[in-house]
Trainee: 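Before we start, here is the structure in question, set down as structure tokens.
Position 1 is the first residue of the sequence; numbering continues from there. In each ligand, atom 1 is the first atom listed, and ligand 1 is the first ligand listed.
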Amino acid sequence: MKSKEICCIGAGYVGGPTMSVIANNCPNYNITVVDSNESRISEWNGPVNDLPIYEPGLKEIIAKVRGKNLVFSNEVENSIKKADVIFIAVNTPTKTHGEGKGMAADLTNIEKCAKLIAESSSSGKIIVEKSTAPVGTGKKIKSVLNKENSKVKFQIVSNPEFLAEGTAINDLMNPDRVLIGGEQSEEGHKAVNTIADIYRQWLPENKIILTNLWSSELSKLASNAFLAQRISSINSLSALCEKTGAKIDEVSKSVGMDSRIGSKFLQPSVGFGGSCFKKDILNLVYLSRYYGLQEIAEYWESVLKINDYQKSRFYDKIQNTLSKTENPTVSIFGWAFKKNTNDSRESASIEITRKLLNNNFTVKVYDPMVKEKTIIKDLQDVLNNKLNKLTVCSSAEKALKDSHAICILTEWDEFKAMNFKNLSSLMKEPILFLDGRNIISDNKLNRTFKKFMSIDK
Ligand code: NAD
Ligand code: UDX
């Protein structure tokens, strides 16, 4: 069988792991991952222990396939030219200016890719929308391609990605489903099948769902909205637990044991983070408003309101407990938005730390995986003189020295295993232990710290 040439534009949290897993499962496909960010590509080509993305299991796959049927390259045009299939896996952040500012997805990166594909193509290609984008994006890509290059035939396919960071490799190897949407024409069906053939190399037919383009695009936004809505639901109840004395873990377990509801995504937290949930819900809200569906927009917007409320509620606990402490110092444990990733996008730690610094707290941060330069970048909108009050520490011990409070914000296993009773002797005064992930037992700590607080107390 002739090798098929795949190009993926975007070497990020989706492009890198997804193409690695495809390369590993499909030896007959040659895959080139390209990116406009040259340093990212050189990191992908560097030592496997220092890849730009940390994902359990990723470096082992990279070590196996890189340089064989998986290549990371800066040669964007050339890679597009020779490809039969092009995945677009670029970032689609919330717009920061223009119409839809703060709500709609910014499709500039996707549009740039479409233009470049049109300019660089001399033979027909299937363009796969891997990035999460609003309903209608496939149609937009097609109109850019046709406008810029009427000589070549392009087919557009939507194949949204459902991986979660921290479990990406397992999610890609054993997905609940793979969704592929295409145009309702003979050519469209053929293109959808070509993409399905890739996944058929390691997945059974019943895991592959074929739909039209628009259902596929909307299903992705809907899935993220449903997941986030469950977290906001359980977090909203944690506030009620705090008032009534009910325990949120007990409520979560009881509710989740109803097989109609299920136990996943009912873990209370200081608020969901990550690059997807907020952005995709804002996008859904914008779309609903655009179509005049005000009630629908408000319904989904409330999921985000509860998430903000949860973070404020958590910050208030720190503020209220340490209001009389002189030069209050807080140790933040965890910067990643969840465990097993080095990604901190939209992490609750950013907002809590920003508020602490702006209110003159001294903050010491420790995270096992997120680099100092990322933490500093995340806080770039905090005034410079406030940043003097921030220290990024290389160990938990260093982060605890001279502090008054510990806040657990990421559920790293390393934190679960720590003996905080012993570690508290390093602190200036153990006033507050705040568990934002409900992962630490309060049995001993409530005698060590003046206050032991969590999501529900
Ligand atoms: P990312 O920021 O990690 O990576 C995107 C990459 O695309 C960057 O390296 C950037 O330099 C590159 N890029 C942007 N424009 C480019 C262009 N014109 N030419 C070449 N390269 C370009 O983003 P991500 O987390 O991988 O997300 C990508 C898409 O997948 C987004 O739409 C996101 O919503 C969606 N998604 C993300 C996840 C996740 O867990 N991160 C999961 C599912 C879907
Ligand atoms: C999410 C979706 O799960 C994934 O399908 C999609 O492709 C991308 O967006 P991701 O953001 O990587 O994945 O991680 P996820 O596991 O969904 O966690 C998102 C946030 O919710 C994290 O901050 C996590 O800590 C939080 N969370 C998750 C909770 O607070 N409680 C839970 O029960 C689950």
Trainee: Output the list of atoms in ligand 1 that are nearer than 4.0 Å to some heavy atom of A89, sorted by atom number.
Mentor: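 Taking each heavy atom of A89 in turn, ligand 1 has 5 (C), 28 (C) under 4.0 Å.
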Trainee: Which of the numbered atoms in ligand 1 are under 4.0 angstrom from any heavy atom belonging to N109?
Mentor: 14 (C), 15 (N), 18 (N)
Trainee: For atom 25 (O) of ligand 2, find the nearest protein heavy atom and state the residue, atom name and distance (0.1 Å precision).
Mentor: R437 NH1, 2.6 Å
Trainee: Quick one: look up the protein heavy atom nearest atom 4 (O) of ligand 1 and list residue, atom name and how far away it is.
Mentor: G12 CA, 3.2 Å
Trainee: Is the shortest side-chain N to carboxylate O distance from K115 to E119 below 4.0 Å?
Mentor: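 Yes, this pair counts.
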Trainee: May I ask you to check if ligand 2 and G273 share an N or O to N or O distance below 3.5 Å?
Mentor: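 For ligand 2, there is an N or O atom that lies under 3.5 Å from one belonging to G273.
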Trainee: Looking at atom 3 (O) of ligand 2, what's its closest protein heavy atom, distance included?
Mentor: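 For this ligand atom, the closest protein heavy atom is L227 CD1, 3.6 Å.
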Trainee: When you measure from the side chain of N224 to the backbone N and O of C276, does any donor-acceptor pair fall under 3.5 Å?
Mentor: no
Trainee: Using a 6.0 Å cut-off, check whether atom CD of E298 has over 12 heavy atoms from anything other than its own residue.
Mentor: yes
Trainee: Out of L116, T92, D35, T132, whose heavy atom is nearest to atom 11 (O) of ligand 1?
Mentor: D35
Trainee: Any idea which atoms of ligand 2 are less than 4.0 Å away from a heavy-atom of S269?
Mentor: 29 (C), 30 (O)
Trainee: Return the minimal non-hydrogen interatomic distance between M418 and A396, and the atom names on each side.
Mentor: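 Shortest heavy-atom contact: CE-CB, 3.5 Å.
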Trainee: Just jot down the ligand 2 atoms closer than 4.0 angstrom to any heavy atom of L163, in number order.
Mentor: 4 (C), 5 (O), 6 (C), 7 (O), 8 (C)
Trainee: Would you kindly specify which portion of E161 sits under 4.0 Å from ligand 2, judged on non-hydrogen atoms: side chain, backbone, both or neither?
Mentor: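 For E161, only backbone atoms sit under 4.0 Å from ligand 2.
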Trainee: Any atom of ligand 2 sitting under 4.0 Å from a heavy atom of E346?
Mentor: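 E346: no contact with ligand 2 (<4.0 Å).
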Trainee: Should the ring pair F72 and W44 be called parallel, tilted or perpendicular, given that the plane angle runs from 0 to 90° and is split at 30 and 60?
Mentor: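 Plane angle under 30°, so parallel.
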Trainee: I want to know if ligand 1 touches E165 in the polar sense, i.e. an N/O pair below 3.5 angstrom.
Mentor: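 Between E165 and ligand 1, an N or O pair is found under 3.5 Å apart.
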Trainee: Counting only heavy atoms, which portion of A164 has something under 4.0 Å from ligand 1: side chain, backbone, both, or neither?
Mentor: neither
Trainee: Is the NZ atom of K253 crowded by more than 12 outside heavy atoms at less than 6.0 Å?
Mentor: no
Trainee: Flag F162 as yes when one of its N or O atoms lies below 3.5 Å from any N or O atom of ligand 2, and as no otherwise.
Mentor: yes
Trainee: Could you find the nearest protein heavy atom to atom 17 (C) of ligand 1 and give me its residue, atom name and distance?
Mentor: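 Of the protein heavy atoms, S36 OG, 3.9 Å lies nearest.
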Trainee: Give me the residue, atom name and distance of the protein heavy atom closest to atom 28 (C) of ligand 2.
Mentor: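 Here the nearest protein heavy atom works out to I231 CD1, 3.5 Å.
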Trainee: Look at atom 10 (P) of ligand 2 and find which of F337, F265, F277 reaches it with the closest heavy atom.
Mentor: F337
Trainee: Can you list the steps and then say if D367 with W412 is a side-chain hydrogen bond (donor to acceptor under 3.5 Å, both in side chains)?
Mentor: CA-CA 9 Å; D367 186 281; W412 286 105; 3.0 Å; yes
Trainee: Counting only heavy atoms closer than 4.0 Å, does ligand 1 sit against the backbone of R345, its side chain, both, or neither?
Mentor: side chain
Trainee: Within the 3.5 Å criterion, strictly below it, is a donor on N37 or S39 matched to an acceptor on the partner's side chain?
Mentor: yes
Trainee: Can you tell me which portion of L266 lies within the under-4.0 Å heavy-atom range of ligand 2? Options are side chain, backbone, both, or neither.
Mentor: backbone
Trainee: For S275, counting its heavy atoms only, list the atoms of ligand 1 lying under 4.0 Å from any of them.
Mentor: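 Checking each atom against S275, I get 41 (N).
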Trainee: Please check if the number of heavy atoms outside K451 that lie under 6.0 Å from its NZ is greater than 12.
Mentor: no
Trainee: So that I can tick it off, tell me whether R345 and E165 are bridged by a salt bridge, with the cut-off set at under 4.0 angstrom between side-chain N and carboxylate O.
Mentor: yes
Trainee: For atom 28 (C) of ligand 1, grab the closest protein heavy atom and report residue, atom and distance to one decimal in Å.
Mentor: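 Ranking protein heavy atoms by distance from atom 28 (C) of ligand 1, first comes V90 O, 3.4 Å.
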Trainee: Just to be sure I'm reading this right: ignoring hydrogens, which of I9, N91, L163 gets closest to atom 5 (C) of ligand 1? Compare them by their nearest heavy atoms.
Mentor: N91
Trainee: Between R313 and D316, is the closest basic N to carboxylate O distance under 4.0 Å?
Mentor: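 Looking at D316 and R313, the cut-off is not met.
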Trainee: With atoms numbered from 1 as shown, which atoms in ligand 2 lie under 4.0 angstrom from a non-hydrogen atom of A164?
Mentor: 3 (O), 12 (O), 13 (O), 14 (O), 16 (O)
Trainee: Suppose I only count heavy atoms of N37 and a 4.0 Å limit; which atoms of ligand 1 are within that range?
Mentor: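 Once the distances to N37 are compared, the set is 11 (O).
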Trainee: Can you pull out the closest protein heavy atom to atom 30 (O) of ligand 1? Residue, atom name and distance to 0.1 Å, please.
Mentor: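 I find the closest protein heavy atom is V14 CG2, 3.5 Å.
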Trainee: Short list, please: which atoms of ligand 2 are under 4.0 Å from a heavy atom of Q267?
Mentor: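 Under 4.0 Å from Q267, ligand 2 has these atoms: 29 (C), 30 (O), 31 (N), 32 (C), 33 (O).
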Trainee: In the protein, which heavy atom is nearest to atom 3 (O) of ligand 1, and how far is it?
Mentor: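 Looking only at protein heavy atoms, the one closest to atom 3 (O) of ligand 1 is Y13 N, 3.1 Å.
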Trainee: Which residue and atom name correspond to the protein heavy atom nearest atom 43 (C) of ligand 1, and how close is it?
Mentor: E161 O, 3.2 Å
Trainee: Give a yes/no on ligand 2: does K220 have at least one heavy atom closer than 4.0 angstrom to it?
Mentor: yes
Trainee: Identify the protein heavy atom lying closest to atom 34 (O) of ligand 1, giving its residue, its atom name and the separation to 0.1 Å.
Mentor: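 The protein heavy atom lying closest is K279 NZ, 2.6 Å.
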Trainee: Is any side-chain N of the basic residue among D197 and R200 closer than 4.0 Å to the acidic one's carboxylate O?
Mentor: yes
Trainee: Taking E55 for the side chain and A168 for the main chain, is one N or O donor matched with an acceptor at less than 3.5 Å?
Mentor: yes
Trainee: Counting only heavy atoms from other residues, nucleotides and ligands, does the tally under 6.0 Å from CZ of F162 exceed 12?
Mentor: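 Count over threshold, so yes.
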Trainee: For ligand 2, which is the ligand I care about here, please tell me if E165 has any N or O atom under 3.5 Å from one of the ligand's N or O atoms.
Mentor: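 For ligand 2, there is an N or O atom that lies under 3.5 Å from one belonging to E165.
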Trainee: Using a heavy-atom cut-off of under 4.0 Å, does the side chain or the backbone of P160 touch ligand 1, or both, or neither?
Mentor: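 Under 4.0 Å from ligand 1, P160 contributes no heavy atoms.
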Trainee: In terms of heavy-atom contacts, does NZ of K317 have more than 12 from other residues, nucleotides or ligands at under 6.0 Å?
Mentor: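 Correct, the count exceeds 12.
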Trainee: I need the nearest protein heavy-atom contact for atom 14 (O) of ligand 2: residue, atom name and distance, please.
Mentor: K338 NZ, 3.3 Å
Trainee: Under a 4.0 Å N-O cut-off, is there an ion pair linking K247 with D249?
Mentor: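 No, this pair does not count.
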Trainee: Give the atoms of ligand 2, by number and element, whose distance to some non-hydrogen atom of C276 is under 4.0 Å.
Mentor: 8 (C), 9 (O)
Trainee: Below 4.0 angstrom, N of the basic side chain to O of the carboxylate: do D308 and K278 qualify?
Mentor: no
Trainee: Please check if the side chain of N235 supplies one atom and the backbone of Q310 the other of a donor-acceptor pair under 3.5 Å.
Mentor: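 A pair under 3.5 Å: no.
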Trainee: Looking at K339 and E411, does any basic side-chain N land under 4.0 Å from a carboxylate oxygen?
Mentor: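 Salt bridge absent between K339 and E411.
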